[in-house]
J.: 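I am attaching a structure below and will ask some questions about it afterwards.
Each chain gets a letter, A, B and so on, in the order the sequences are listed, and its residues count up from 1.
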2 protein chains.
Amino acid sequence: MARGRKPPTQADPVDFAGLRSYIGYMARQAQTAVFRDFARITEETGLTPGEFSLLTLIGANPGINQITLVTLHNLDKSTLSLAIRDLMRKELIERKKDSRDGRYYALRLTRQGALLLEKATLLVEEQERKMDATLKAGERAQLLDMLRRLSKAFD
Amino acid sequence: MARGRKPPTQADPVDFAGLRSYIGYMARQAQTAVFRDFARITEETGLTPGEFSLLTLIGANPGINQITLVTLHNLDKSTLSLAIRDLMRKELIERKKDSRDGRYYALRLTRQGALLLEKATLLVEEQERKMDATLKAGERAQLLDMLRRLSKAFD
DNA sequence: TATTGTTATACTCTATAACTATA
DNA sequence: TATAGTTATAGAGTATAACAATA
């Protein structure tokens with residue numbers, strides 16, 4: 001180790017320049033932090049954040065089809081197709097052809113999928129409570145509203 | 001097309017269940033929206049969001065080393081190594097061995113890198129102004145502070 | 001022995017394009 | 001012709017593990 005000066009790792013305070021004044025940068029940081037924390041939930045349930053969202057949407061909208069999910073999640077249909085295949089293999093969802101239009105699949109949760117979603121939802125809500133601990137009264141609703149407006153700004 | 005009912009794609013209003021009340025979900029949605037919009041900036045500059053952040057940090061902290069960047073960005077050092085290699089190839093940064101401790105590289109922007117960063121910064125700030133248009137007075141500072149607290153909550 | 005940085009490898013997530021089937 | 005969904009393929013972005021060089 002050099003004697004004259006400590007390595008910059010812990011020594012010099014880092015200048016973030018404008019970075020921390022950018023919503024884009026800070027939103028990214030917050031989001032990756034939440035996802036890293038989600039790893040605990042993935043361990044317990046086998047579900048990724050994306051799979052949790054899909055199960056929640058299918059659970060609340062039995063009979064929903066893939067193209068609708070695609071528009072909700074802003075994914076390519078090929079990407080969703082792979083995610084659906086995996087959820088089918090895990091027997092968390094099932095589907096059958098729409099009797100009126102054979103191009104559509106109607107998706108719904110299996111019993112097993114519903115149970116797992118219930119368990120995962122509890123863990124996710126626990127994670128949300130952890131976030132609440134850093135927010136003051138009323139801030140959660142305000143934050144959600146601002147995030148919603150940001151998403152819409154780039155439609 | 002079936003006659004009795006429209007396909008669910010546009011017909012039935014979708015039930016988001018609790019999804020839109022989750023900060024984790026909404027932060028993800030906002031962040032991906034910002035990144036999709038960043039594609040314009042990538043086209044003009046050749047820089048990804050991650051590269052823009054790295055150039056900003058190196059520009060504000062000439063002589064910074066990779067291990068410091070790793071702790072700031074929460075990346076593995078192998079991941080950063082590849083990003084640094086690409087920035088070197090594009091001749092946007094340069095580095096030399098620390099004379100006191102040969103394990104470190106001191107990173108700094110090239111002239112070309114500084115110019116590109118300047119251009120990219122203007123575009124990023126334009127993007128930030130677009131976000132401001134959806135926020136009321138005072139909300140930007142509040143949002144940044146909440147996002148900072150969220151990141152810290154999962155340290 | 002410990003630390004900075006590289007490389008080989010693999011995994012995840014994503015999109016594009018070409019395809020099947022249904023309408 | 002147009003739409004729902006699948007498959008083959010490829011490109012990001014990421015981490016793990018083994019490594020070389022330096023301390």
Side-chain angles (χ1 to χ4, degrees), chain A residues 1-11 28 31-33 35-36 38-39 42 46-54 63-89 93 95-107, chain B residues 1-11 28 31-33 35-36 38-39 42 46-54 63-89 93 95-107:
Chain A
M1 174 75 77
R3 264 159 315 216
R5 206 179 57 162
K6 281 158 286 173
T9 310
Q10 328 212 33
R28 165 77 166 164
Q31 191 259 308
T32 56
F35 268 31
R36 267 196 306 278
F38 202 98
T42 301
L47 296 176
T48 64
E51 289 178 323
F52 171 74
S53 300
L54 286 176
I64 197 172
N65 60 47
Q66 295 182 200
I67 207 75
T68 304
L69 287 175
V70 153
T71 64
L72 294 177
H73 266 223
N74 260 305
L75 293 173
D76 189 84
K77 59 185 180 162
S78 67
T79 303
L80 183 71
S81 183
L82 298 175
I84 293 294
R85 183 199 61 188
D86 291 343
L87 291 174
M88 293 281 294
R89 283 184 184 162
I93 62 171
R95 59 185 185 179
K96 62 177 213 298
K97 289 273 186 190
D98 187 305
S99 54
R100 286 176 304 277
D101 187 334
R103 292 173 303 180
Y104 295 88
Y105 278 117
L107 303 168
Chain B
M1 173 75 77
R3 262 157 319 213
R5 206 178 58 161
K6 282 156 284 172
T9 310
Q10 329 212 31
R28 165 77 165 163
Q31 191 258 308
T32 57
F35 268 31
R36 267 198 305 279
F38 202 98
T42 300
L47 296 176
T48 63
E51 289 177 325
F52 172 73
S53 300
L54 286 176
I64 197 170
N65 60 47
Q66 295 182 200
I67 207 73
T68 305
L69 287 175
V70 153
T71 65
L72 295 177
H73 265 225
N74 259 305
L75 293 173
D76 189 85
K77 58 185 180 164
S78 66
T79 304
L80 183 71
S81 183
L82 298 175
I84 293 294
R85 182 199 60 188
D86 292 343
L87 292 174
M88 293 281 295
R89 282 185 184 161
I93 62 171
R95 60 185 184 179
K96 62 176 214 298
K97 289 271 185 192
D98 187 306
S99 54
R100 286 176 303 280
D101 187 335
R103 292 173 302 182
Y104 294 87
Y105 278 115
L107 305 167

J.: Considering just the side-chain nitrogens and oxygens of A:Gln66, establish if one lies under 4.0 Å of OP1 or OP2 belonging to D:dT3.
T.: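 So the side chain of A:Gln66 is outside the cut-off, no N or O lying under 4.0 Å from OP1 or OP2 of D:dT3.
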
J.: With respect to the side chain of B:Arg28, which nucleotide from D:dT3, C:dT14, C:dA15 is positioned closest?
T.: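 Nearest nucleotide to the side chain: C:dT14.
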
J.: Whether B:Arg95 contacts C:dT6 is assessed here as follows: a side-chain N or O lying under 4.0 Å from the phosphate OP1 or OP2. Is that the case?
T.: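 Looking at the OP1 and OP2 atoms of C:dT6, one of them is under 4.0 Å from a side-chain N or O of B:Arg95.
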
J.: With sugar-phosphate meaning primed atoms plus P, OP1 and OP2, does A:Leu75 contact a base, only sugar-phosphate, or nothing at under 4.0 Å between heavy atoms?
T.: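 Sugar-phosphate, backbone atoms only, no base.
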
J.: Taking the nucleotide of DNA chain C with the closest heavy atom to each, which residue, B:Ser78 or A:Lys97, is nearer the 5' end?
T.: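 Of the two residues, B:Ser78 wins.
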
J.: In whole angstroms, how far is the C1' atom of D:dT6 from the OH atom of A:Tyr104?
T.: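 Whole-Å distance recorded here is 17 Å.
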
J.: Nearest whole angstrom, please: distance from the P of D:dA12 to the CD of B:Glu51.
T.: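 It is 10 Å, rounded to the nearest whole Å.
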
J.: B:Leu82 CG to D:dA12 P: how many Å, rounded?
T.: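 Interatomic distance, CG of B:Leu82 to P of D:dA12: 13 Å.
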
J.: For B:Phe35 and D:dT14, what is the distance between atoms CZ and P respectively, to the nearest whole Å?
T.: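 Spelled out: CZ on B:Phe35 to P on D:dT14 is 9 Å.
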
J.: Using every non-hydrogen atom in the two residues, find where B:His73 and B:Ser53 come nearest and quote the distance to one decimal.
T.: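 B:His73 and B:Ser53 have their closest heavy atoms at CE1-CB, 3.4 Å.
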
J.: Of all the nucleotides listed (C:dT16, D:dG5, C:dG5), which has the minimum atom distance to the side chain of B:Lys77?
T.: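 Closest nucleotide among those given: C:dG5.
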
J.: What verdict does the side-chain contact (heavy atoms from CB on, under 4.5 Å) test give for A:Leu87 and A:Leu54, after you've listed the backbone C-alpha separation in whole Å, the side-chain angles of each residue and the deciding distance to 0.1 Å?
T.: CA-CA 9 Å; A:Leu87 291 174; A:Leu54 286 176; 4.2 Å; yes

J.: State the OH-CG distance between B:Tyr104 and B:Asp98, to the nearest 0.5 angstrom.
T.: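 The distance works out to 8.0 Å.
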
J.: For A:Met88 and D:dT7, give me the distance from atom CE to atom P, rounded to whole Å.
T.: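 Answer to the nearest Å: 11 Å.
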
J.: Which heavy atom in A:Gln66 sits nearest to a heavy atom in A:Leu80, and how many Å separate them?
T.: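 Shortest heavy-atom contact: O-CD2, 3.2 Å.
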
J.: Can you tell which of C:dA15, C:dT4, D:dA4 lies closest to the side chain of A:Asp76?
T.: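 My answer, after comparing the listed nucleotides, is C:dA15.
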
J.: For C:dT14 and A:Thr79 - does any side-chain N or O of the residue sit under 4.0 Å from the phosphate oxygens OP1/OP2?
T.: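 No.
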
J.: Return whichever of A:Pro49 or A:Gly102 has its heavy-atom-nearest nucleotide of DNA chain C closer to the 5' end.
T.: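 Final value for this comparison: A:Pro49.
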
J.: Could you state the atom-to-atom distance from CZ of B:Arg100 to C1' of D:dA21 in whole Å?
T.: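 Roughly 19 Å, once rounded to whole Å.
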
J.: Between B:Tyr105 and B:Lys96, is there a cation-pi geometry (under 6.0 Å to ring centre, at most 45° from the normal)?
T.: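 No - B:Lys96 does not lie over the ring of B:Tyr105 by the 6.0 Å and 45° rule.
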
J.: For a quick check, tell me whether the side chain of B:Ser81 and the base of C:dT7 share a donor-acceptor pair closer than 3.5 Å.
T.: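 There is none.
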
J.: From CG of B:Asp98 over to P of C:dT4, roughly how many Å is that when rounded to an integer?
T.: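 Rounding to the nearest Å, CG of B:Asp98 and P of C:dT4 are 12 Å apart.
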
J.: Please determine whether a side-chain nitrogen or oxygen atom of B:Tyr105 lies at a distance below 4.0 Å from atom OP1 or OP2 of C:dG5.
T.: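 No, B:Tyr105 has no side-chain N/O under 4.0 Å of OP1/OP2 on C:dG5.
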
J.: How long is the line joining CG of A:Leu80 and P of C:dT14, in whole Å?
T.: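 Atom CG in A:Leu80 sits about 10 Å away from atom P in C:dT14.
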
